[in-house]
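Below is one structure, written out as structure tokens; the observations come after it.
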Amino acid sequence: MQVDHSSAGGEEPPSRHQVSALKSFRSAGRGFWHDVAEADWQDWRWQLKHRITSVGQLEKLMPSLTPEELAGARLANHKLALGITPYFFNLIDPADEACPVRRQVIPRIEETTTASWEMSDPCGEDSHSPVPGLVHRYPDRVLFLVTDRCASYCRYCTRSRLVSNASGYDFHPEYDKQIAYVAAHPEIRDVLLSGGDPLLLSDEKLENLLSRLRAIPHVEFLRIGTRIPVFLPQRITSELCAMLKQFHPLFISIHANHPRELTTEVRDALARLADAGIPLGNQSVLLKQVNDDPAVMKALLQKLLMCRVKPYYIYQCDLIAGSAHLRASVAKGLEIMEHLRGHTTGYAVPTFVIDAPGGGGKVPINPEYVLCRNAGRVLIRNFEGKIFEYPEAADGRPCGQPPKTIPEPELV
Ligand SMILES: *Cc1c(COP(=O)(O)O)cnc(C)c1O
């Protein structure tokens, strides 16, 4: 097997300067909102109230919208709502049509094109839903949908059929029924709150929900999937952190795709969560012209470690309707993984997964490191392409060694 160590497509590897620019922490700044009072800017409810939700606002703030974006924004509210917090909007480079932040939140007309293999429920969640708002696919854990709203809307959202309610799905979680199901199923030891974004709930509502779940004796492990630390770091108040830390073990998975999303504001919000003893993970989606580049992905993952976040998953982009313009290939994902393992800190290396279309769950995808296996050996290659042999007999014992009886150690 030939292993290509050069960077993607024979391009020049990024210079040290480019990589350190990707990894430096900067504030998102105030931009258009420079004269807003600091107390308002830092208030998460102010940020939500002032979200960009209409094409008119967007055009005013960003005269450089392309025709594709303008047409996309006009149609967005029929499919997946347009929504961007002022804080996050300031990360967009209006002069760069290919800005990796821009591509994630500004609608494009391509969203209205659906390829024949794309779906409205690509992971088959509705067919694994015993009660509304609960997905029970794996034996010991459930996905518990808390709300259909988010602070901002990712254009490639896998749950866009229900999130933001733009397409009339009319999602209404029924906490009583969801909790009753968990309570009635002793095999459920892990409850993952998601949505929509659970951290959009008030502290009181979230505390109530977490308390009710914690009161179920067989629920060992709680976790929250949220993009709020990235879209709305102002929401991560010390009061929220103090409330959350009552429910340990509680893990949080965040969602960052590009190093530029890790601003000083996000870094500080993540520090507050980590200081509350909450182990942090990150889930990225592999996206074309956002992070489908080994140098960009590596910078993101290393920068996450600097924020005490363990990169958990990289997702192959689900086959959600209207996402073809954002989908990178599985081959690109494998190439990125090849550039990570061995080349950087093992803690920075997430698992690359495909959430199997139709509802098979997450399947890990790895570059092949086992070259061949037969009765006597496993032939492996390392990250540098060097080949090694691990001798092993068919029954798992080291090759060539007859089974030995090991004397019992003497008891002292
Ligand atoms: C992703 C997911 C989970 C959690 O999976 P882990 O691999 O344990 O993080 C649980 N339920 C559903 C339906 C999911 O999609």
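Residue numbers count from 1 along this sequence. What you are looking at is a predicted structure, and each value in this text was computed from that prediction instead of being measured. Note that ligands are numbered from 1 as they come in the structure, with each ligand's atoms numbered from 1 the same way.
Within 6.0 Å of OH in Tyr347 there are 12 or fewer heavy atoms belonging to other residues, nucleotides or ligands. Within a 6.0 Å radius of CD in Glu187, other residues, nucleotides and ligands contribute more than 12 heavy atoms. Residue-environment remark: CZ (Arg30) exceeds the threshold of 12 foreign heavy atoms within 6.0 Å.
Protein residues are said to neighbour a ligand when one of their heavy atoms lies under 4.0 Å from it; for ligand 1 these are Val135, Arg137, Tyr138, Arg141, Leu143, Leu192, Arg223, Tyr312, Tyr313, Lys362.
The cationic group of Arg267 lies under 6.0 Å from the six-membered ring centre of Phe25 and within 45° of the ring axis, placing it in a cation-pi geometry.
Close placement of the His136 and Tyr181 rings is indicated, their centers lying within 6.0 Å of each other.
A salt bridge does not link Arg74 to Glu68: none of the charged nitrogens lies less than 4.0 Å from a carboxylate oxygen.
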